[in-house]
Amino acid sequence: PPAHILWPSLTGAVALALFVAPLQPGFGGPADTPKFQFLGYVLGTAHPPGYPLYVVLSNLFVRLPIGTIAYRANLFSAVTAAVACALVYVIARQLGSGRWAASGAALGLATGASFWLNAVFAEVYGLAAMMAALTMALLLDWDARRGAARLIVALAAFSLGMGNHLTLVGIVPGCLLYVVLRD
């Protein structure tokens with residue numbers, strides 16, 4: 001595959017390996033983890049805001065024929081966190097970083113204590129990071145190529161991400177300022 005696909009894929013795969021090795025093997029874990037391990041399976045609601053995007057996507061993921069339901073839910077967090085790392089690689093490249101620096105930035109995120117901890121058991125933060133990174137990557141793509149459709153796709157990614165966790169609101173001021181200053 002071309003380098004622009006190979007490098008983020010390899011970076012995401014390394015991050016995934018870092019998350020899967022110590023992955024919570026079954027039921028249990030800190031705080032809301034036991035709840036999130038079964039929300040997708042039963043299409044339930046944890047507590048406000050309900051995390052609808054997490055519930056729907058984890059429902060698809062927990063149907064995979066590997067391990068227990070709890071293990072699959074934990075793995076879902078690891079996969080979304082790894083995709084977030086791959087997207088951080090893409091963002092770094094969009095901002096002009098070299099391949100090794102972009103990979104280092106993405107793996108720096110992967111090995112950050114808080115990020116890593118939330119990637120090894122069922123939690124909503126890996127998906128939140130993935131949606132934030134996707135929004136930013138799409139916004140940078142819009143800036144590079146222009147076109148209202150690209151800006152709408154970035155807005156759609158942000159909107160979907162709001163269906164997972166409200167912490168995504170934190171990127172609104174920066175994204176709005178970026179759009180206003182660039183267009």
Side-chain angles (χ1 to χ4, degrees), residues 1 5-47 49-93 99 102-138 157-158 160-168 170-171:
I5 295 171
L6 181 65
W7 276 79
S9 298
L10 287 174
T11 301
V14 169
L16 184 60
L18 291 172
F19 302 146
V20 169
L23 190 69
Q24 171 80 18
F27 181 73
D32 290 333
T33 296
K35 205 179 334 183
F36 285 120
Q37 288 172 330
F38 291 97
L39 275 182
Y41 184 71
V42 298
L43 292 172
T45 302
H47 47 71
Y51 312 102
L53 182 64
Y54 178 88
V55 170
V56 169
L57 293 179
S58 70
N59 176 268
L60 298 172
F61 206 87
V62 298
R63 295 177 183 278
L64 295 174
I66 54 170
T68 64
I69 293 166
Y71 177 79
R72 292 181 291 227
N74 296 334
L75 185 59
F76 176 65
S77 288
V79 168
T80 57
V83 171
C85 292
L87 287 167
V88 165
Y89 172 91
V90 170
I91 291 167
R93 291 289 287 155
R99 289 184 181 126
S103 190
L107 293 175
L109 172 65
T111 57
S114 179
F115 190 84
W116 178 84
L117 184 63
N118 285 294
V120 298
F121 56 83
E123 205 23 284
V124 297
Y125 300 111
L127 181 57
M130 183 182 93
M131 296 309 292
L134 179 61
T135 299
M136 289 184 253
L138 290 169
F158 172 82
L160 277 172
M162 288 295 291
N164 177 60
H165 203 275
L166 299 177
T167 55
L168 204 56
I171 68 170

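Here the structure is a predicted model, which is why all the values come from computation and not from measurement.
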Quiz item: Looking at L23, V62, L64, which one forms a side chain to side chain contact (heavy atoms under 4.5 Å, CB included) with Y71?
Solution: L23

Quiz item: Do you know the tightest heavy-atom contact between V55 and G44?
Solution: CG2-O, 3.4 Å

Self-check item: F38 side, atom CZ; I69 side, atom CD1 - distance, nearest 0.5 Å
Solution: 5.5 Å

Self-check item: Distance-minimising heavy-atom pair for N74 and Q24
Solution: ND2-O, 2.9 Å

Practice problem: Of all the heavy-atom pairs spanning A157 and L138, show the shortest one and how long it is. | Solution: CB-CD1, 3.7 Å

Quiz item: So, for A133 and L87, which heavy atoms are closest and what is the spacing to 0.1 Å?
Solution: CB-CB, 3.7 Å

Quiz item: Rounded to the nearest 0.5 Å, how far does CG of L53 lie from CG of L160?
Solution: 6.0 Å

Self-check item: Y89 side chain near R99 side chain, heavy-atom distance below 4.5 Å
Solution: yes

Practice problem: Please report the shortest heavy-atom distance between P22 and L18, naming the atom on each side. | Solution: CD-O, 3.1 Å

Practice problem: Anything under 30° is parallel, anything over 60° is perpendicular, the rest tilted; go ahead and classify F19 against F115. | Solution: tilted

Self-check item: Value rounded to 0.5 Å, distance of CZ in R72 from CZ in R63
Solution: 10.0 Å

Quiz item: Under the ring pair (Phe, Tyr, Trp, His ring centres under 6.0 Å) test, which residues partner F121, sequence neighbours left out?
Solution: none

Quiz item: Pick one: which of T45, L57, V124 meets side chain to side chain contact (heavy atoms under 4.5 Å, CB included) with Y51?
Solution: V124

Quiz prompt | Donor-acceptor pair, side chain of N118 and main chain of S114, under 3.5 angstrom | solution = yes

Quiz item: What is the distance from atom CD1 of I91 to atom CG of L134, rounded to the nearest 0.5 Å?
Solution: 8.5 Å

Quiz prompt | Minimum heavy-atom distance between Y54 and L127, given as atom pair plus value | solution = CA-CD2, 3.6 Å

Quiz item: Could you state the interatomic distance from OG1 (T11) to CG (L109), rounded to the nearest 0.5 Å?
Solution: 11.5 Å

Quiz prompt | Expected output: side-chain T80 to main-chain M130 donor-acceptor under 3.5 Å | solution = no

Quiz item: Say you draw a straight line from CZ of F158 to CE of M136; how long is it, rounded to the nearest 0.5 Å?
Solution: 10.5 Å

